[in-house]
J.: 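Before anything else, here's the structure in question.
In this chain, numbering begins with 1 at the start of the sequence shown.
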Amino acid sequence: MDKIKMITPLVEMDGDEMTRIIWQMIKDELILPFVDLKTEYYDLGLPNREATKDQVTKDAAAANAKYGVAVKCATITPNSGRMTEYNLTQMWKSPNGTIRTHLDGTVFRAPILVNGISPVIPAWQKPITIARHAYADIYKAVDATANPGDVLKLTSVAADGSVTEKTVYEFECPGVMLSQYNKDTSIENFARACFNYALDTCQDLWFSAKDTIIQSYDGRFRDIFQNLYDTEYKQKFEAKGLEYVYTLIDDAVARCIRSKGGFIWALKNYDGDVMSDMVSAAFGSLAMMTSVLVNPKGVYEYEAAHGTVTRHYYRYLKGEETSTNPMATIFAWSGALHKRGEKDSLPELMAFADKLEAASLTVIQSGIMTGDLAAMYTGGDAKAVTTKEFIIEIKNVLSKAL
């Protein structure tokens, strides 16, 4: 068969460790044999971020804004251990945080549902979509250590030069301190994205924060959501029989566990990071979660929501075979290719993306899967295979479908 043509390139952001290995496998076996792939490539692996002083991440974000669709591999956000391991000159910020700040979008994460893999929480009958604010908060925070006698103050300087100052804490012993911020325009974009996505998918929308404790900060999120709902979205929601709910995050966690699913749960940046892992694990596996960043201008970035699978990578370096689940990364590629086809009016590319996802699900439902899924599969006898074997099985099914 002739390869499926593309017009506009995808922005391809390569990553780190085991996911980088899987990234290449997916391209070699599932995409390049069938698609005349066009990408603008950026290496966001930690060694290259160090070599470019993280300029490559900024360049990739700018390219994403230019071309409209990107696909991103999982990347390392370094800690002190990684500083030594990779001989870094500084602890580079999260690439995801840098890209999200540049695009100012909302991350929607939803589990990949497969027949034969039941949610750990029996009440959940429908998927739960996490809508994660993708701007600032702890991902753009400034932190530091404190010495005994240090005084932490929150100081703001107004446009007219007037100064407001609040004492946060006087340290009697060593400690740590942190400052973070957000802005109304980004919060409003987040709220609009959530309301619009709820209307498009006909799902109830929850938003949760902790305004009883962080009264000004989280209260701002609460008020912006409520004002938009009351003035622009209430009638639209009621016309479709949908509900918008604000509740404290601890209450939302309890309600979520008791729910049947089938709703969108909007959360601040870090809260969304944590809860998306909880939801994905409860639905099957951390590697069974789709993730797409959408900004107000219609720019999309598809990624795997999990980490770089460091433990498997160290085994891979020893020459051992691994059974790492590639599903989230496959769906990142399929999501990006489908959106690129949609934007460029290429139905063949869109159809290919759909068939790639269908082939992946078919293989699992036939009883062939990676080890993380085999342990919870209830659809019959499960055969745990290596990552490469799993991808080859998908390729065989996909080839027949094409």
J.: Look at the side chain of Asp211 and the backbone N and O of Gly219, then say whether any donor-acceptor pair between them is shorter than 3.5 Å.
T.: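 The answer is no, because no donor-acceptor pair under 3.5 Å joins these two groups.
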J.: Any cation-pi pair here, Lys268 with Phe221, using under 6.0 Å and within 45°?
T.: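 Pair Lys268/Phe221 counts as cation-pi.
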J.: With rounding to the nearest 0.5 Å, note down the distance linking CD1 in Ile392 to CE in Met25.
T.: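 Ile392 CD1 to Met25 CE: 9.0 Å, rounded to 0.5 Å.
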J.: What I'd like to find out is whether the side chain of Phe108 reaches to under 4.5 Å of the side chain of Ser291, using heavy atoms alone.
T.: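 Not touching, per the 4.5 Å side-chain cut-off.
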J.: Looking at every non-hydrogen atom in both residues, tell me the closest pair between Glu29 and Phe34 and how far apart they are.
T.: O-CE1, 3.8 Å
J.: Among side-chain atoms of Asp16 and Thr75, is any donor-acceptor pair under 3.5 angstrom?
T.: no
J.: What I'd like to find out is whether the side chain of Tyr229 reaches to under 4.5 Å of the side chain of Gln226, using heavy atoms alone.
T.: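 Yes, side chains in contact.
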J.: Is the shortest heavy-atom distance from the side chain of Thr155 to the side chain of Lys166 under 4.5 Å?
T.: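 No, their side chains stay 4.5 Å or more apart.
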J.: Give, for atom OG1 of Thr39 and atom CD of Glu12, the distance between the pair rounded to the nearest 0.5 Å.
T.: 4.0 Å
J.: Looking at Cys194 and Ala131, what are the two nearest heavy atoms and their distance?
T.: SG-CB, 3.7 Å
J.: Asp160 and Ser162: side-chain donor and acceptor closer than 3.5 Å?
T.: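 Yes, because at least one side-chain N or O of Asp160 sits under 3.5 Å from a partner of the opposite role on Ser162.
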J.: I'd like to know if the side chain of Ser323 and the backbone of Val385 have a donor-acceptor N/O pair within less than 3.5 Å.
T.: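 Flag set: sc Ser323 to bb Val385 pair under 3.5 Å.
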J.: Is there a side-chain contact between Glu357 and Met327 (heavy atoms, below 4.5 Å)?
T.: no
J.: Classify the ring geometry of Tyr244 against Phe225: parallel below 30°, tilted from 30° to 60°, perpendicular beyond 60°.
T.: parallel
J.: Any heavy-atom pair between the side chains of Cys73 and Leu44 that's under 4.5 Å?
T.: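 With C-beta onward as the side chain, the pair stays apart.
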J.: Closer than 3.5 angstrom, by distance alone: can the side chain of Lys3 be matched with the main-chain N or O of Leu32 as a donor-acceptor pair?
T.: yes
J.: Could you check whether any side-chain N or O of Asp137 sits under 3.5 Å from a backbone N or O of Tyr139, counting only pairs where one atom can act as donor and the other as acceptor?
T.: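 No: the side chain of Asp137 does not pair with the backbone of Tyr139.
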J.: Could you go through the side chain to side chain donor-acceptor pair (under 3.5 Å) check for Arg49 and Thr98 one step at a time?
T.: CA-CA 12 Å; Arg49 279 184 274 148; Thr98 299; over 6 Å; no
J.: For the side chain of Thr167 and the backbone of Tyr169, is there at least one donor-acceptor N/O pair under 3.5 Å apart?
T.: no
J.: If you count the non-hydrogen atoms of other residues, nucleotides and ligands that lie under 6.0 Å from CG in Asn79, is the total more than 12?
T.: yes
J.: Give a yes-or-no answer on whether the side chains of Asn96 and Lys72 include a donor-acceptor pair shorter than 3.5 Å.
T.: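 There is such a pair (donor and acceptor under 3.5 Å, judged by atom type) between the side chains of Asn96 and Lys72.
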J.: Is a donor on one side and an acceptor on the other found under 3.5 Å between the side chain of Asn64 and the backbone of Leu103?
T.: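 Such a contact is absent between Asn64 side chain and Leu103 backbone.
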J.: Look only at the side chain of Ser208 and the backbone of Leu248, and say whether a donor-acceptor pair between them is shorter than 3.5 Å.
T.: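 Not confirmed, Ser208 side chain does not pair with Leu248 backbone.
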J.: Tabulate below the donor-acceptor pairs under 3.5 Å that side-chain atoms of residues 369-379 make, not counting sequence neighbours, or state none.
T.:
| unit_1 | atom_1 | unit_2 | atom_2 | d |
| --- | --- | --- | --- | --- |
| Thr370 | OG1 | Asp372 | OD1 | 2.6 |
| Asp372 | OD2 | Ser285 | OG | 2.7 |
| Asp372 | OD2 | Asn325 | ND2 | 3.0 |
| Tyr377 | OH | Gln365 | O | 3.1 |
| Thr378 | OG1 | Gly116 | O | 3.0 |

J.: Taking the side chain as every heavy atom from C-beta outward, state whether Met289 and Ser276 have any atom pair closer than 4.5 Å.
T.: yes
J.: Would you check if the side chain of Lys240 reaches a backbone N or O of Leu199 as a donor-acceptor pair within less than 3.5 Å?
T.: yes
J.: Do the rings of Phe237 and Tyr233 sit parallel, tilted or perpendicular, given the 30° and 60° boundaries?
T.: perpendicular
J.: Taking all non-hydrogen atoms of both residues into account, name the closest pair between Asn269 and Ala134 and its distance.
T.: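 So the minimum-distance heavy-atom pair works out to ND2-C, 3.8 Å.
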J.: So does Glu320 have more than 12 non-hydrogen atoms from other groups sitting under 6.0 Å from CD?
T.: yes
J.: Applying side chain to side chain donor-acceptor pair (under 3.5 Å), run through Thr57 and Asp54 and close with a yes or a no.
T.: CA-CA 6 Å; Thr57 307; Asp54 209 32; 2.7 Å; yes
J.: Could you grab the distance from atom OG1 of Thr324 to atom CD of Glu17, nearest 0.5 Å is fine?
T.: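 Separation between the atoms: 11.5 Å.
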J.: Check for me whether Lys339 meets the cation-pi criterion with Tyr300, that is, NZ or CZ under 6.0 Å from the six-membered ring centre and within 45 degrees of the ring axis.
T.: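 Yes.
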J.: In residues 117-125, what donor-acceptor pairs under 3.5 Å come from side-chain atoms, sequence neighbours left out?
T.:
| unit_1 | atom_1 | unit_2 | atom_2 | d |
| --- | --- | --- | --- | --- |
| Trp124 | NE1 | Cys256 | O | 2.9 |

J.: Is a side-chain N or O of Arg222 found less than 3.5 angstrom from the main chain of Phe207, in a donor-acceptor match?
T.: no
J.: Is atom CZ of Arg220 surrounded by more than 12 heavy atoms (other residues, nucleotides or ligands) closer than 6.0 Å?
T.: no
J.: Name all residues meeting the salt bridge (Lys or Arg N to Asp or Glu O under 4.0 Å) criterion together with Asp230; count only those two or more places apart in sequence or in a different chain, and write none if there are none.
T.: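 Partners of Asp230 by the salt bridge (Lys or Arg N to Asp or Glu O under 4.0 Å) criterion come out as none, since no residue qualifies.
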J.: Got a donor-acceptor contact below 3.5 angstrom from the Asp204 side chain to the Glu243 backbone?
T.: yes
J.: For a side-chain contact (heavy atoms from CB on, under 4.5 Å) with Leu10, tell me which candidate from Tyr41, Trp333, Tyr67 qualifies.
T.: Trp333
J.: Would Lys318 and Tyr316 count as a side-chain contact (heavy atoms from CB on, under 4.5 Å) if you check the C-alpha gap in whole Å, the side-chain angles of each, and the deciding distance to 0.1 Å?
T.: CA-CA 5 Å; Lys318 295 177 182 178; Tyr316 170 84; over 6 Å; no
J.: Report yes if some heavy atom in the side chain of Leu267 is under 4.5 Å from a heavy atom in the side chain of Trp206; otherwise report no.
T.: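 No - every pair of side-chain heavy atoms lies 4.5 Å or more apart.
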J.: Are any of the side-chain heavy atoms of Leu402 and Lys355 separated by less than 4.5 Å?
T.: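 Touching, per the 4.5 Å side-chain cut-off.
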